[in-house]
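Data block below; observations after.
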Amino acid sequence: MKYEVYQEGSVDKPSLFVILTGSKTISVDLKKTVHTHLLHILGLKDPLNEFYSKFKDDIISNAFNCFPGLRVIRASNNFESLICSICSQNTTVSRWNQMITMIKKCYGERVILPDGTLFYTFPNPESLANASVNALTTCQVGYRAEYIEKAAQMIAKGEVELDSLSQKCYEDAREIILTVPGVGPKVADCFLLYGLGFMKAAPIDVWVQRIVQTWYFKGCNISREKVRKFIQHRFDNWSGYASLYLFHYARKVGITDCYV
DNA sequence: TCCCAGGGAGGAT
DNA sequence: ATCCTCCATGGG
């Protein structure tokens, strides 16, 4: 008896499937395993109250109040997490969702649940490694097609072992994943946080950078690398959470009227 | 038409 | 190390 967890849909319509294969009866042990896995990927074990009480400056406190209970959702599959992170660069969330949906439809496995629900799994590294850049472009991924193909080939060949990265320290894992085409500082930290669960990872995108510059550095221009170091020095193992809350807060209140 | 979107690579300085 | 330009694509 085995189980697999699939996260589906979009930010607006998230859904989650647990697929059990094997015998018809579900053992108590399996129930426990699935339960534990779900607690983990939904971040339900993360002690948010510790986070909220530990950091109380005006900015982060406002973010807490805006999104109480917001959690870091872990990916259930490392390869999917890597490709999704690569796709997220320089685009909008809606187009990002669109890209992933297309990739799954074109290269994933079609699954129909007993209740009739239809969805597609995320393709394995081999499937994407064998896809031509030209064919990938039909998934509306633009210039990222080349990144996706090369990254998939690296993983398929075993040149980078994603699963073994979680055994290493954050810095070593980061250095290795940065060698993958299409993976820069921000994409690397997305994968390290949401894929591998390194809570020290802090993805610094345009929003987090501008917000940190405005709120913590009086509007001075700070490089993304320095912003990352600042976040990690300040929030340590809560850096991933800090960047998540700052990101959503920045987008909610905008960048001009941040002193609320 | 121009600019931006949860950036990265390659090059020049 | 830091700064530039280009990359494909859709929406404002």
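The basis for the numbers below is simple: all heavy atoms, side chains too, and nothing from hydrogens, waters or symmetry mates. Chain letters run A, B, ... following the sequence lines, proteins first, then strands; residues in each count from 1.
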statement: When rounded to the nearest 0.5 Å, the distance separating CG of A/D172 from CZ of A/R174 is 12.0 Å
message: Using a heavy-atom cut-off of 4.0 Å across all strands, would you classify A/K150 as base, sugar-phosphate, or nothing?
response: nothing
message: Return the OG to NE2 distance between A/S76 and A/H37, rounded to the nearest 0.5 Å.
response: 6.0 Å
- request: Tell me which of A/S243 and A/G182 sits closer to the 5' end of DNA chain B, going by the nucleotide each one is nearest to.
  value: A/S243
message: Can you tell me if A/E175 has over 12 outside heavy atoms packed within less than 6.0 Å of its CD?
response: no
task: Considering only atom C1', compute the distance from C/dC7 to B/dA5 and round it to an integer number of Å.
output: 14 Å
message: Judged by each residue's nearest nucleotide on DNA chain B, which is more toward the 5′ side, A/R210 or A/P181?
response: A/R210
task: Under 4.0 Å between any heavy atoms, over every strand shown, what does A/V208 touch: base, sugar-phosphate, or nothing? Just pick one.
output: nothing
- line: Besides A/F119, the hydrophobic cluster formed by Ile, Leu, Val, Met, Phe, Trp and Tyr side chains linked at under 4.5 Å, directly or via other members, contains A/Y6, A/F17, A/I19, A/V111, A/L113
- prompt: Considering all heavy atoms of both residues, which atom of A/Y147 and which atom of A/G182 are nearest to each other, and what is their separation?
  reply: CG-CA, 3.5 Å
query: How many angstroms lie between CD1 in A/I86 and NZ in A/K150, if you round to the nearest 0.5 Å?
result: 12.0 Å
message: Within the 3.5 Å criterion, strictly below it, is a donor on A/S127 or A/N124 matched to an acceptor on the partner's side chain?
response: yes
field: Stepwise side-chain contact (heavy atoms from CB on, under 4.5 Å) check, A/H40 with A/T36
entry: CA-CA 6 Å; A/H40 172 68; A/T36 304; 5.8 Å; no
field: Spacing of the P atoms in B/dC2 and C/dT5 (rounded, Å)
entry: 16 Å
- prompt: Going by heavy atoms closer than 4.0 Å, what residues in residues 74-95 of chain A are next to DNA chain C?
  reply: A/N90, A/R95
message: For A/S132 and A/N134, which I'm curious about, is there any donor-acceptor pair between the side chains at under 3.5 Å?
response: no
Steps toward side-chain contact (heavy atoms from CB on, under 4.5 Å) verdict (A/D205, A/Q89): CA-CA 9 Å; A/D205 54 69; A/Q89 68 181 60; over 6 Å; no
query: Is the centre of the A/Y241 ring less than 6.0 Å from the centre of the A/F235 ring?
result: no
- prompt: Are the ring centres of A/W207 and A/Y249 closer than 6.0 Å?
  reply: no
task: Using the C1' atoms only, state how far B/dG6 lies from C/dC4, rounded to an integer number of Å.
output: 22 Å
- prompt: Do you see a donor-acceptor pair shorter than 3.5 Å between the side chains of A/Y170 and A/Q232?
  reply: yes
Strand-adjacent residues in residues 132-147 of chain A, judged by heavy atoms under 4.0 Å from DNA chain B: A/Y143, A/Y147
- prompt: Can you tell me how far the CG atom of A/N65 sits from the OH atom of A/Y52, to the nearest 0.5 Å?
  reply: 9.0 Å
- line: If one requires at least 3 consecutive Watson-Crick or G-U pairs with distances under 3.5 Å, the stems of DNA chain B turn out to be B:2-5 with C:9-12, B:7-13 with C:1-7
message: Under 6.0 Å between ring centres: does that hold for A/F64 and A/F55?
response: no
message: For a 4.0 angstrom threshold against heavy atoms of chain A, report the outermost contacting nucleotides of DNA chain C in 5' to 3' order.
response: C/dT2 to C/dG10
- line: DNA chain B: first to last nucleotide in contact with chain A (atom under 4.0 angstrom from a heavy atom), 5' to 3', is B/dA5 to B/dA9
field: A/M102 reachable from A/L82 in the ILVMFWY side-chain graph, under 4.5 Å edges
entry: no
